[in-house]
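No hydrogens, no waters, no symmetry mates; every other heavy atom, side chains included, goes into these values. As the structure is a prediction and not an experimental result, all values here were calculated from the model.
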Amino acid sequence: MTESRNPENDPKSAESRPGGSVNFIEAIINEDLKQGKNNGRIHTRFPPEPNGYLHIGHAKSILLNYGLAKKYNGKFNLRFDDTNPIKEEQEYVDSILEDVKWLGADWEDRLFFASDFFDQLYEWAEKIISEGNAYVDDQPATVIAQQRGTPTQPGIESPFHDRSVEENLDLFRRMKAGEFRDGEKVLRAKIDMSSPNMHMRDPVMYRILHAHHHRTGNKWCIYPMYDWAHGESDYLEGITHSICTLEFEVHRPLYNWFVDQIQTDEYRPRQIEFARLNITYTVMSKRKLLELVNEKFVEGWDDPRMPTISGLRRRGYTPESLRLFAEKVGVAKRDNVIDVALLEHSIREALNRHSPRVMAVLNPLKVVIANYPQQHEMITLENNPEDPEGGTREVPFSGTLLIEREDFLVDPPKKFFRLAPGLEVRLKGAYIIRCEEYKTDDAGNVAEVICTYDPDSKSGGAGSQRKVKGTLHWVSAPHAVDAQVRMFDRLFLREDPENVPEGEDYKKNLNPDSLQILEGCKVEPGLKEAMPGEKFQFQRLGYFCVDKLSTPDNLIFNRTVPLRDSWARSQG
RNA sequence: UGCCCGAUGGUGUAAUUGGCAACACGUCUGACUCUGAAUCAGAAGAGUCCAGGUUCGAUCCCUGGUCGGGCAACCA
């Protein structure tokens with residue numbers, strides 16, 4: 001069984017989609033290959049703008065682009081689209097590099113920046129001007145916007161539309177030389193002001209920005225616009241399939257127009273658009289995520305409640321889990337909203353096979369075993385029943401234990417397979433105990449449960465065959481180690497947090513209880529040495545990982561995801 | 001009133017020379033279980049947005065609608 005769980009030969013892995021079907025992008029690539037385009041070369045890229053942290057939607061794109069390159073024996077580039085120095089920062093470059101690497105997408109030696117191509121872009125711009133296909137416009141942005149018309153009305157040509165090539169060249173060179181102030185002039189492509197496609201109405205190619213660029217410093221005071229820089233960067237890198245999201249669909253004619261201006265041989269990059277990822281109970285726009293960070297609704301970009309890659313990593317998600325998720329989600333052009341349960345299923349699937357099982361009690365209740373004679377003994381426990389090579393460990397057992405508070409009920413409902421007066425349960429890996437009586441404190445809360453144990457029932461022992469309905473996790477009170485445990489819930493109360501009445505804000509849907517910090521949790525002693533990032537299954541509770549702020553003297557665990565719990569579900 | 005996309009169970013995705021709809025998640029049963037997990041077995045749930053047309057036959061092709069999304073930064 002365990003062999004077939006290996007992702008490589010697991011027939012259920014999305015690697016083998018039903019019927020060997022391909023998504024629409026693969027269909028396009030297959031067709032391109034059949035037609036012999038680009039000498040059969042496949043080359044993709046991921047082109048983030050370094051103006052924020054990457055989120056799981058980007059992860060889908062990265063995995064898609066990298067996966068395609070792998071599948072077709074092609075190459076994958078990482079390119080920063082850094083054409084707007086005002087919004088872009090080195091911090092974001094660093095985080096993106098870390099995230100892409102962590103996901104396992106390997107760009108080898110092909111890390112690029114659009115700013116690497118500024119000189120070439122400038123040269124091409126002069127060429128386009130020389131050919132009469134671009135001009136310098138002296139009008140302010142507001143006027144240009146006005147002249148652009150609306151989707152239903154054609155635009156009108158700028159009074160500077162027909163400047164001579166010589167004058168355009170001169171002005172453009174002086175723009176570059178820094179003779180003008182920000183916004184004083186722009187370079188525009190000369191296409192068609194009456195095009196039904198707004199993007200073809202003489203789009204801006206360069207604007208003047210006397211700003212410091214995170215890479216080129218003060219070398220430039222004119223910066224290329226996205227449309228102008230993007231396709232040309234693809235061209236320079238030899239990208240064959242330039243995959244982006246749906247909102248760029250209307251940009252494609254412009255992408256092609258720009259490529260037309262500089263293409264010199266058969267090779268040509270092709271833009272393909274797919275629908276971005278959306279997930280229930282979360283928001284997925286950089287702007288909104290930035291807002292949550294800036295306005296302190298979360299503790300930072302890597303807050304475990306954030307759908308950012310760094311947040312998911314800190315939460316305990318693994319690259320494999322995200323890969324599984326991306327495969328299940330698929331690729332298409334229709335708008336979609338993925339049930340967050342699919343994400344949770346993916347991380348459980350990944351963690352179930354890899355994470356060692358340990359015992360931890362989140363909300364301790366004292367259990368005294370009245371007839372237990374010894375001080376303590378060591379119990380041998382399996383580290384991972386899913387992994388035959390997982391090995392075993394020793395855990396102390398004593399006459400004073402701690403169990404989960406919710407595992408004891410004075411007056412249990414039917415089918416409650418846990419502890420209650422007169423009932424028996426097995427302590428995982430140890431003995432069967434029976435609840436004889438319990439004590440309450442002044443407030444009437446249960447303070448202590450008194451049990452007796454059956455010495456013959458020890459796991460693995462001769463009399464261990466006896467069956468009881470329930471099995472509880474536990475820790476030995478004198479040996480247990482303290483820990484803080486952070487429980488995360490969905491960040492938003494609504495499945496569709498952005499769906500709000502006119503004038504209201506999505507932040508109104510924030511879940512006030514998305515973070516619950518539990519102090520005084522007790523974990524088995526071996527966990528004291530757990531290192532940040534380590535992942536465990538706390539038996540019967542869920543998957544947890546050691547937070548980056550955790551130390552041996554101040555253990556902090558993050559709950560990645562709870563185990564499925566059909567009992568809880570049946571109880572409503 | 002323009003242009004561009006899209007529409008298949010609750011949610012995603014598939015059905016690739018047109019042959020009465022498959023897989024995953026979720027849901028519900030049951031088995032097994034020293035994790036009420038995992039695993040295993042099974043069930044319910046769509047007749048493919050609508051109307052025409054082509055065809056022996058349409059999720060697939062054509063026409064016309066309807067609904068949803070996108071497009072008017074010197075953002076990407």
**Item:** Separation between the P atoms of B/G42 and B/G53, rounded to whole Å
**Value:** 43 Å

**Message:** Of the options B/C4, B/U13, B/A76, whose atoms approach the side-chain atoms of A/N336 most closely?
**Reply:** B/U13

**Request:** Scan every strand shown for a Watson-Crick or G-U wobble partner of B/U48, both distances under 3.5 Å, and answer none if you come up empty.
**Result:** none

**Fill in**
With the side chain defined as heavy atoms from C-beta on, A/H345 is closest, among B/C74, B/G26, B/A38, to B/G26

**Item:** Mate of B/C71 where both pairing distances stay under 3.5 Å, Watson-Crick or G-U
**Value:** B/G2

**Asked** Can you tell me how far P in B/G47 sits from the matching atom in B/A51, rounded to whole Å?
**Response** 12 Å

**Request:** Take atom CD of A/Q539 and atom C1' of B/U33, then tell me their distance rounded to the nearest Å.
**Result:** 13 Å

**Item:** Where A/K535 and A/G316 come nearest, the two heavy atoms and their spacing
**Value:** CE-O, 3.2 Å

**Item:** Strand partner of B/A7, provided both Watson-Crick or wobble distances fall under 3.5 Å
**Value:** B/U66

**Message:** As a test of the definition: with a 90° window around 0 for syn, would you call B/G45 syn or anti?
**Reply:** anti

**Item:** Any A/S21 side-chain N or O less than 4.0 Å from OP1/OP2 of B/A22
**Value:** no

**Message:** Does a side-chain N or O of A/R207 approach OP1 or OP2 of B/A76 to a distance below 4.0 Å, or not?
**Reply:** yes

**Request:** Between B/A37, B/G36, B/C74, spot the one nearest the side chain of A/R564, thanks.
**Result:** B/A37

**Message:** Please give the distance between the C1' atoms of B/A22 and B/U8 as a whole number of Å.
**Reply:** 11 Å

**Request:** Could you work out the separation of B/C50 and B/U66 based on their P atoms and round it to a whole Å?
**Result:** 15 Å

**Message:** B/C71, OP1 or OP2 - any side-chain N/O from A/R148 closer than 4.0 Å?
**Reply:** no

**Request:** Check the distance between B/A76's P and A/F46's CZ and give it to me in whole angstrom.
**Result:** 16 Å

**Span that lies between the P atom of B/C56 and that of B/C23, in whole angstrom** = 32 Å

**Request:** Spell out, as yes or no, whether a donor-acceptor pair under 3.5 Å connects the side chain of A/S321 to the backbone of A/Y317.
**Result:** no

**Message:** Does B/A73 count as syn, meaning its glycosidic angle lies within 90° of 0, or as anti?
**Reply:** syn

**Asked** How do A/K185 and A/V329 order along RNA chain B: which one's closest nucleotide is nearer the 5' end?
**Response** A/V329

**Request:** Could you check whether A/W567 and the base of B/G36 form a stacked pair, meaning centres closer than 5.5 Å and planes differing by less than 30°?
**Result:** yes

**Prompt:** B/A24 and B/G9: how far apart are their C1' atoms, nearest whole angstrom?
**Reply:** 13 Å

**Prompt:** Short question: side chain of A/R540, backbone of A/F538 - any donor-acceptor pair under 3.5 Å?
**Reply:** no

**Prompt:** Reckon A/R287 has a side-chain N or O less than 4.0 Å from the OP1 or OP2 of B/C75?
**Reply:** no

**Message:** I want to verify a distance call: between B/A73, B/A37, B/G2, whose nearest atom is closest to the A/T152 side chain?
**Reply:** B/G2

**Item:** Nearest to side-chain heavy atoms of A/E249, which nucleotide of B/G36, B/C5, B/A72
**Value:** B/C5

**Request:** Return the nearest nucleotide to the side chain of A/L563; candidates are B/A37, B/U16, B/A73.
**Result:** B/A37

**Request:** State whether A/E249 and A/K333 are salt-bridged, where the test is any N-O pair (Lys NZ or Arg NE/NH1/NH2 against Asp/Glu carboxylate O) under 4.0 Å.
**Result:** yes

**Fill in**
Taking B/G12, B/A76, B/U35 as options, the one with an atom nearest any side-chain atom of A/H251 is B/A76

**Message:** Students often get this wrong, so: under 4.0 angstrom with heavy atoms, is A/G460 touching a base, only sugar-phosphate, or nothing?
**Reply:** base

**Item:** Between B/G68 (C1') and A/N278 (CG): distance, integer Å
**Value:** 13 Å

**Message:** Can you say whether a donor on the side chain of A/R418 sits under 3.5 Å from an acceptor on the base of B/G36, or the other way round?
**Reply:** yes

**Prompt:** Can you find a donor-acceptor N/O pair under 3.5 angstrom joining the side chain of A/Q537 to the base of B/U35?
**Reply:** yes

**Prompt:** A/K333 has a side chain; which of B/A38, B/C75, B/C5 sits nearest to it?
**Reply:** B/C5

**Message:** At less than 3.5 Å, do the side-chain atoms of A/H473 and the base atoms of B/A37 form a donor-acceptor pair?
**Reply:** no

**Request:** With RNA chain B as reference, determine whether A/N197 or A/I208 sits nearer its 5' end, using the nearest nucleotide of each.
**Result:** A/N197

**Request:** Mark yes or no for a side-chain to base donor-acceptor pair under 3.5 Å between A/R426 and B/U35, with no hydrogen or angle criteria applied.
**Result:** no

**Request:** Spell out, as yes or no, whether a donor-acceptor pair under 3.5 Å connects the side chain of A/N197 to the backbone of A/V250.
**Result:** yes

**Message:** Could you check whether any side-chain N or O of A/D82 sits under 3.5 Å from a backbone N or O of A/A114, counting only pairs where one atom can act as donor and the other as acceptor?
**Reply:** yes

**Asked** Any idea which of B/G26, B/A76, B/G12 is nearest the A/A341 side chain?
**Response** B/G26

**Message:** Given 3.5 Å as the limit, does a donor-acceptor pair link the side chain of A/H161 with the main chain of A/S158, or not?
**Reply:** no

**Message:** With a cut-off of less than 4.0 Å, is there a side-chain N or O of A/R201 near OP1 or OP2 of B/C71?
**Reply:** no

**Asked** Picking from B/C4, B/A72, B/U8, which would you name as closest to the side chain of A/R334?
**Response** B/U8

**Asked** Taking the six-membered ring where the residue is Trp, are the ring centres of A/F397 and A/Y453 under 6.0 Å apart?
**Response** no

